[in-house]
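Every value quoted in this text rests on a predicted model; they were computed, and no experiment measured them.
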Amino acid sequence: MTRWAARWPLALDGFLAVLACAATVLPLTADEPDCDCVVTPWAFVTAAGMTLPLTFRRRAPFLVNLAIAPFALAFGFNGWPSPLVPIGPLVALHAVAAYARVWQSLVCLATSLLAVPLMFVTRPYDSEPFEAFNLTLVVFVAWLAGVLTRSQRAVLQQYRRRVVAERARRRAEAARAVAEERNLIAREMHDLLGHSVGVMVVLAEGGAAATEGATAGGTQAFDLIARTGRETLADLRRLLGTVRAGDDEELRPLPTTADIPKLVDTMRQAGVDVTLDMPQPRVVAGAAGLAAFRIVQESLTNALKHAPGRPVAVDVRDGAEELTIEVRNPVPAGAGRAELGHGLRGMLERAASVGAALSYGAEGGTWTVRLKLGR
């Protein structure tokens with residue numbers, strides 16, 4: 001019923017108007033009217049005039065009151081038999097208080113309060129004083145009920161706006177979370193493949209050269225290629241495992257700053273001249289440790305790609321307030337200005353995600369990447 005009323009409000013109001021008309025006309029058909037008045041056909045026309053316009057009580061409440069008012073006054077002045085209360089005028093007054101402007105509501109209330117005593121004075125037969133008081137009280141209660149309906153509608157509309165705003169906020173947060181997850185996956189894929197595949201390429205080149213003269217050297221080089229490939233696959237499985245929910249496979253622990261020496265050893269075995277200065281600093285785990293490890297990994301990969309054959313220095317210093325990591329390598333001759341590619345952008349995003357400070361650039365012919373992690 002509620003859904004039907006919300007979908008067809010005009011039809012519902014028309015049905016209620018017909019019921020109000022029937023209830024008003026019914027006393028006029030009594031064999032012995034409860035008054036000394038004469039019921040004429042105009043009484044039925046007047047009863048219809050002060051009830052049927054209620055069909056439009058929500059669309060045009062003020063106009064409905066203006067249309068009903070003369071019929072209601074004529075009905076009351078003639079003193080024709082009526083229901084216990086004037087249904088049509090009261091419903092119209094409630095509607096104008098609930099759906100019209102405030103000044104229109106006040107005008108209708110004042111008019112109704114003035115019309116009640118005037119109607120009882122001009123009736124062709126005597127009435128009790130309490131009848132006028134009771135009807136005046138009923139008129140005010142009908143108007144007050146309309147005011148309460150207006151307040152409830154305002155609260156409901158505000159609640160609906162909040163629900164719509166909350167849904168929009170949740171959709172925006174979901175979209176932002178998806179975008180952040182995509183950026184995270186893209187960054188991880190870049191770091192994993194960029195480093196590991198870069199090392200595999202260097203090892204493959206070294207293996208090809210080694211097989212020309214020494215079989216043992218070639219075997220060792222290709223063994224390193226296989227091991228690096230297996231580690232890459234394991235990292236990819238771990239990365240995809242964080243995305244898939246409900247996967248019971250045991251995942252390998254995330255890298256931390258404690259894994260930096262192992263990373264440097266891998267680069268050395270690939271033929272890169274890397275020195276590490278790391279006098280037993282504290283182990284940084286979690287998101288900060290992973291960010292530090294990936295930044296060092298990306299810096300070494302960039303040095304391998306853009307400055308092949310040049311020495312690389314990795315320094316890790318644990319100060320009183322922060323942990324500082326530097327990766328340095330000579331700038332190749334003829335190198336242009338560094339552009340903000342996926343690698344540098346990924347390092348900046350990683351540093352920002354854990355509240356660290358990252359700087360990079362050429363300093364006196366040396367390319368330096370510096371990361372500072374607070375305690």
Show every ring-ring contact (aromatic ring centres under 6.0 Å, His included) that has at least one partner inside residues 158-182, sequence neighbours left out. none
Contact list for residues 43-68, test ring-ring contact (aromatic ring centres under 6.0 Å, His included), sequence neighbours left out: Phe62-Trp103
Minimum heavy-atom separation for [X] to [Y], with atom names?
{"X": "Pro83", "Y": "Ala23", "value": "CG-O, 3.3 Å"}
{"X": "Arg370", "Y": "Thr368", "value": "NH2-CG2, 3.8 Å"}
{"X": "Ala20", "Y": "Ile87", "value": "CB-CG2, 3.8 Å"}
{"X": "Val331", "Y": "Ala362", "value": "CG2-CB, 4.1 Å"}
{"X": "Pro61", "Y": "Val96", "value": "CB-CA, 3.7 Å"}
{"X": "Pro255", "Y": "Phe293", "value": "CB-CD2, 3.4 Å"}

To the nearest 0.5 Å, what is the distance between [atom1] ([X]) and [atom2] ([Y])?
{"X": "Trp42", "Y": "Phe71", "atom1": "CH2", "atom2": "CZ", "result": "9.0 Å"}
{"X": "Glu321", "Y": "Leu373", "atom1": "CD", "atom2": "CG", "result": "14.0 Å"}
{"X": "Asp318", "Y": "Met278", "atom1": "CG", "atom2": "CE", "result": "9.5 Å"}
{"X": "Thr275", "Y": "Arg328", "atom1": "OG1", "atom2": "CZ", "result": "7.5 Å"}
{"X": "Ile325", "Y": "Leu371", "atom1": "CD1", "atom2": "CG", "result": "5.5 Å"}
{"X": "Glu326", "Y": "Ser299", "atom1": "CD", "atom2": "OG", "result": "11.0 Å"}

Indicate if [X] and [Y] have the same hydrophobic cluster label, given that clusters are the connected sets of ILVMFWY residues with side-chain heavy-atom separations under 4.5 angstrom.
{"X": "Met50", "Y": "Val18", "result": "no"}
{"X": "Val139", "Y": "Val102", "result": "yes"}
{"X": "Leu276", "Y": "Met267", "result": "yes"}
{"X": "Leu52", "Y": "Leu93", "result": "no"}
{"X": "Leu90", "Y": "Tyr99", "result": "no"}

Side chains of [X] and [Y]: does their closest heavy-atom pair fall under 4.5 Å?
{"X": "Arg317", "Y": "Asp277", "value": "yes"}
{"X": "Leu300", "Y": "Val314", "value": "yes"}
{"X": "Thr257", "Y": "Val316", "value": "no"}
{"X": "Leu156", "Y": "Arg160", "value": "yes"}

Tell me which donor-acceptor pairs under 3.5 Å the side chains of residues 111-120 have, and how far apart each pair is, sequence neighbours excluded?
unit_1, atom_1, unit_2, atom_2, d
Thr111, OG1, Val107, O, 2.8
Ser112, OG, Cys108, O, 2.8

Under the side-chain contact (heavy atoms from CB on, under 4.5 Å) test, which residues partner [X], sequence neighbours left out?
{"X": "Thr256", "value": "Ala258, Asp259, Val283, Ala285"}
{"X": "Leu26", "value": "Thr29"}
{"X": "Pro70", "value": "none"}
{"X": "Ala43", "value": "Leu28, Val39, Trp80"}

Would you tabulate the side-chain donor-acceptor contacts of residues 141-150 under 3.5 Å, counting partners in other chains and residues two or more places apart, or write 'none'?
unit_1, atom_1, unit_2, atom_2, d
Trp143, NE1, Ser105, OG, 2.5
Thr149, OG1, His94, NE2, 3.2
Thr149, OG1, Ala145, O, 2.9
Arg150, NE, Ala97, O, 3.0
Arg150, NH1, Ala100, O, 3.2
Arg150, NH2, Ala97, O, 3.2
Arg150, NH2, Ala100, O, 2.2

Salt-bridge present (Glu173, Arg169; N to O < 4.0 Å): yes
Check salt bridge (Lys or Arg N to Asp or Glu O under 4.0 Å) between [X] and all other residues, then give those that pass, not counting sequence neighbours.
{"X": "Asp265", "answer": "Arg268"}
{"X": "Asp13", "answer": "Arg57, Arg58"}
{"X": "Arg170", "answer": "Glu166"}

Mind running side chain to side chain contact (heavy atoms under 4.5 Å, CB included) on Leu54 and Ile68 for me, showing each step along the way? CA-CA 9 Å; Leu54 293 175; Ile68 287 178; 3.8 Å; yes
Keeping to residues at least two apart or across chains, list the salt bridge (charged side-chain N to carboxylate O under 4.0 Å, His left out) pairs with something in residues 87-97. none
Quick check: are there more than 12 heavy atoms from other residues, nucleotides or ligands sitting under 6.0 Å from CZ of Arg153? yes
Is a donor from one side chain sitting under 3.5 angstrom from an acceptor on the other, for Gln158 and Arg161? no
